[in-house]
S.K.: 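Pasting in a structure now, in structure tokens, and then I'll have a few things to ask.
Bear in mind that the values here come from a model prediction, so they are computed numbers and not experimental data. Residues: numbered from 1 along the sequence shown. Indexing begins at 1, ligand by ligand and atom by atom, following the structure's order.
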Amino acid sequence: MDSSKLFQKFVGYTKDILFELDTEGYFTSVNTEGLKLLGYEKEEFIGKHFLEFIRPDFKRQAQDFVLSQECEKENTLFEFPVITAQGEELWLEQYVVAVCSDNTIIGYKGIARNVTRFKLAEEELKESKQSAEDLNLQLEKTIERANEIAAKAETDNIAKSNFLANMSHEIRTPMNGVLGMIDLLLDTGLDAEQRDYCETAHKSADSLLRIINDILDFSKLEANKFEIENIDFDLRTTVEDVSDELAHRVYEKNLEFICFMNPDVPSRLKGDPGRIRQILRNLVGNAVKFTEQGEIAVRVLLEKEEETRAMLRFEVKDTGIGITKKGQNRLFQSFSQVDASTTRKYGGTGLGLAISKKLSEMMHGQIGVESKKGTGSTFWFTAVLDKQSDAQNVAPVTPASIQNKRILVVGENSTNREVICTYLKSWGCLYQDVSDEYDAFTALNTAVDSGSPFELIVFDQITVDAQTEKFGKRVKEDPRLNSVQLVLLTSLGKRGDPARLQQVGFAAYLSKPIKIKLLQDCFTTVFSEEYIAQAGKNPIITRHSLAEAQRAQEDKTVTEIHHDARILLAEDNPVNQKLAVKLLTKVGYVVEVVNNGKEALAALEDKEFDMVLMDVQMPEMDGFEATAAIRNPKSKVKDHDIPIIAMTANAMKEDRQHCLNEGMDDYISKPINKQRLIEVVERQLTAPRKKHSLPDDDITLGENAIF
Ligand code: ADP
């Protein structure tokens, strides 16, 4: 009795539900806690079937669980939800055992615990796990999509670059025709008016080509399709080429043009001369465009030097309209011009500086500007360039004949005087500079009085005028001074000037911008023994006579034009065919034309030629395929090592290398420039033959071999 009471007491305290069922599953007893939890009175509860309380979707499982109990069987826990009298859902964890007598089930006893709290927590956990999984799934999908987009972008980029290459070809081909035909027209007998029209057309076509090039370059830079070349080149020639190219535009506007490379700048470098030229051309072009009076000065300075490389600074200074601080901040961005009125007045695409910025950055440099509105601007950029080996970079030796010579520099423009004096200093001359004729005579007379008279006067003037002659006459007619040599530097020469000045007694007449080599050659000539021996009988020295003398010097190495060379021209475009044939036959070459690679092979099997000019893009068989076939010793062409010059409108850098890799010898880009074409053809005709064809064993013919 005691223990039964004690047990009842425990049962009374427990928070669990204790219950008994009959064999059918009807409640026969339940503790108070159970009634409280489920919200029933005892009378209502006893006699009810346990399934009544189970949530409908769990009824079946619950029944199976209870009815599966057997006598003396290990029991398991089971969880299911019940509905209270208030309609609330509770999760119970049940433990049920079968009550047996003589191994027969006579009812069930059970204990159930309210685990709603844990269940909810568990459910929440499950839910958040689920949402985490959902999120993960979403993320994976997003990544997949992002990858798809990236892959598409990549393809788009490739498509864009290919499109650019094609565009480049498509646009340049007709431009080649336009420019070339105008060139030919200009060589015919035109009257002044016709010539003027033609020249204007040429100028317009030229600026159109420049704009197209800018746009193409810019797109290539955007598509990261731009590469910087690393070839040996001479910086002085590169800079002088740009100044020669632009000089007439500068002088047309009556501006002074100074082009100066500091003597300490190494000239034999490795890098991309084309890109340096492009930036300089753009900066000088802008300077000319935005300057109405004064001067434009291009300077190349050494910023830093190491054993194998050098950082150079290029400056283009003008005395033009200048740019406000605000305007300066907007420069170097694509399509950006300082203001709309500037654009209307001066035109332009606003791409030049953005391209220049990218190019200088690709050469590990920077670009910038210092400017003041109304005063002028100095645009600068830097570039790091490798030096060619030391042996090639030794400073040129100054001829002994000009060292220690006493030179007087006369000229109004101080920048020009400074440039000339820097050269004179580097040659070991003794020099003085003055800004006008009055000071010049004072200096000349003082020098005579001191016993060391000047031996040469460099007289720098924009135009040759009456004053030039007057100055020359005064010097030459003065017995104290007349042994001095007179060298005139001028920008705007006119026909007849040299002859007149020779009469006056000038020794040389050189057009600007000043070139260090030309000036040095001029001095060397004037101070040479032959010149002095012939005093009074020497013809006036001009840049042409110096160039001719130079050419005569080199004549031993340069062979004259091969007038009778036989050239095979493979080109499909009829306009280009016509143009190239005209240019080549004019020089005297014998030209045969074919329309594609296949015809070229047939011609080369049939006849002997000295060279092939091969267009790259042709129908039926393109230039590369044709070249491969020519170089293949198993093909029937007569000469497997014949020089092949590629002609392509794809002026992309990689094309050049591509052509050389494909077994071609040289490369010329369209639009074809007359001078350049002849130069390349002559170079290949005189160069030692390159052995291209591989030994027989190295060649395996593919299935598609065409012979
Ligand atoms: P574009 O000259 O084709 O418009 P650029 O990128 O070369 O494009 O130049 C952008 C702008 O920078 C010009 O339109 C002009 O407003 C300004 N600018 C460039 N160079 C000079 C200069 N030397 N003097 C004054 N303004 C200049």
S.K.: Hey, what do you get for CD (Glu412) to CD (Glu437), rounding to the nearest 0.5 Å?
M.R.: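 Glu412 atom CD to Glu437 atom CD measures 9.0 Å (nearest 0.5 Å).
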
S.K.: Contact between Asp615 and Asn576 at the side-chain level, heavy atoms closer than 4.5 Å - yes or no?
M.R.: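 A side-chain contact under 4.5 Å is absent here.
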
S.K.: Heavy-atom contacts with Asn282 under 4.0 Å: which atoms of ligand 1 show up? List them by number with element.
M.R.: 7 (O)

S.K.: Provide the number and element of each atom of ligand 1 under 4.0 Å from a heavy atom of Ser377.
M.R.: 24 (N)

S.K.: Answer with side chain, backbone, both or neither: which part of Leu331 has a heavy atom less than 4.0 angstrom from an atom of ligand 1?
M.R.: side chain

S.K.: With heavy-atom distances below 4.0 Å as the criterion, list the atoms of ligand 1 near Ile323.
M.R.: 25 (C), 26 (N), 27 (C)

S.K.: Could you tell me, atom by atom, which parts of ligand 1 come under 4.0 Å of a heavy atom of Lys289?
M.R.: 1 (P), 2 (O)

S.K.: Just wondering, are more than 12 heavy atoms of other shown residues or ligands nearer than 6.0 Å to NZ in Lys586?
M.R.: yes

S.K.: Under 4.0 Å from any heavy atom of Leu353, which atoms of ligand 1 are there?
M.R.: 5 (P), 6 (O), 7 (O), 9 (O), 10 (C), 12 (O), 19 (C)

S.K.: Among the heavy atoms of Phe332, does any lie under 4.0 Å from an atom of ligand 1?
M.R.: no

S.K.: If the plane angle is over 60° it's perpendicular, under 30° parallel, otherwise tilted; pick one for Phe379 and Phe332.
M.R.: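 Rings of Phe379 and Phe332: perpendicular, over 60°.
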
S.K.: For atom 23 (N) of ligand 1, which of Ile321, Leu351, Asp318, Thr324 has the closest heavy atom?
M.R.: Asp318

S.K.: Just say parallel, tilted or perpendicular for the rings of Phe471 and Phe459, cut-offs at 30° and 60°.
M.R.: parallel

S.K.: Would Lys203 and Glu199 satisfy salt bridge (charged side-chain N to carboxylate O under 4.0 Å, His left out), going step by step from the backbone distance to the final call?
M.R.: CA-CA 6 Å; Lys203 249 189 231 164; Glu199 277 169 358; over 6 Å; no

